[in-house]
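Below you'll find the structure, written out as structure tokens, and then a few comments.
When reading the values below, keep in mind they use all heavy atoms of this one structure, side chains included, and skip hydrogens, waters and symmetry mates.
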Amino acid sequence: NVLSFYASLKRIQADVERVIARATATQVLQKDTTLDEFARAKSNTLIDIMSLNVQALRSPVVLKGQTLRYYTGTRRIAA
């Protein structure tokens with residue numbers, strides 16, 4: 001049914017807008033770390049950290065002095 005498909009697309013669009021609207025922050029690393037360790041420290045999932053820091057996927061260790069982005073605890077809902 002075309003109408004139910006359209007409704008599904010609208011729900012997916014709303015979900016995507018909520019994710020996009022999540023507040024982020026950055027941190028300059030004070031020591032070498034892994035993305036997993038950073039994710040745990042910031043209460044993010046590894047997938048969240050990986051998606052925000054694609055440039056850091058080249059190596060298993062992210063070096064001191066590099067900047068990583070993470071989601072803050074605040075979620076803003078998109079209009």
Task: Closest approach of L63 to D32 (non-hydrogen atoms, all atoms of both residues) - done: CA-OD1, 3.4 Å

Task: Shared-cluster residues of L9, by chain and number - hydrophobic side chains joined below 4.5 Å - done: F5

TODO: To the nearest 0.5 angstrom, please state how far the CG atom of L57 sits from the CD atom of Q55.
DONE: 7.5 Å

TODO: Mind checking side-chain contact (heavy atoms from CB on, under 4.5 Å) for S8 and listing every partner two or more places apart, or none if nothing turns up?
DONE: R11

Open item on the list: Using the side-chain contact (heavy atoms from CB on, under 4.5 Å) criterion, which residues pair with K31? Sequence neighbours excluded.
Closed with: E37

Task: All side-chain contact (heavy atoms from CB on, under 4.5 Å) counterparts of L52, not counting sequence neighbours - done: T24, R69, Y71

TODO: Only counting residues at least two apart or in another chain, list the ones meeting side-chain contact (heavy atoms from CB on, under 4.5 Å) with T45.
DONE: I47, D48

Open item on the list: I'd like to check Y70 versus I49 (side-chain heavy atoms, cut-off strictly below 4.5 Å). Are they in contact?
Closed with: yes

TODO: Decide yes or no on side chain to side chain contact (heavy atoms under 4.5 Å, CB included) for T26 and L68, but give the supporting numbers first.
DONE: CA-CA 5 Å; T26 58; L68 292 179; over 6 Å; no

Open item on the list: Could you report the tightest heavy-atom contact between L29 and T33, atom names first, then the distance?
Closed with: CD1-CG2, 3.6 Å

Task: Cluster link F38 to V61, ILVMFWY, side chain under 4.5 Å - done: no

- [ ] Identify the heavy atoms of T67 and V28 that sit nearest to each other, and give their distance.
- [x] OG1-CG2, 3.5 Å

Open item on the list: Among residues at least two apart in sequence or on other chains, which ones pass side chain to side chain donor-acceptor pair (under 3.5 Å) with D36?
Closed with: R40

- [ ] Would you confirm whether Q27, through its side chain, and A25, through its main-chain N or O, come within 3.5 Å as a donor-acceptor pair?
- [x] no

TODO: Please round to the nearest 0.5 Å and tell me the distance separating atom CG of N44 and atom CG of L35.
DONE: 11.0 Å

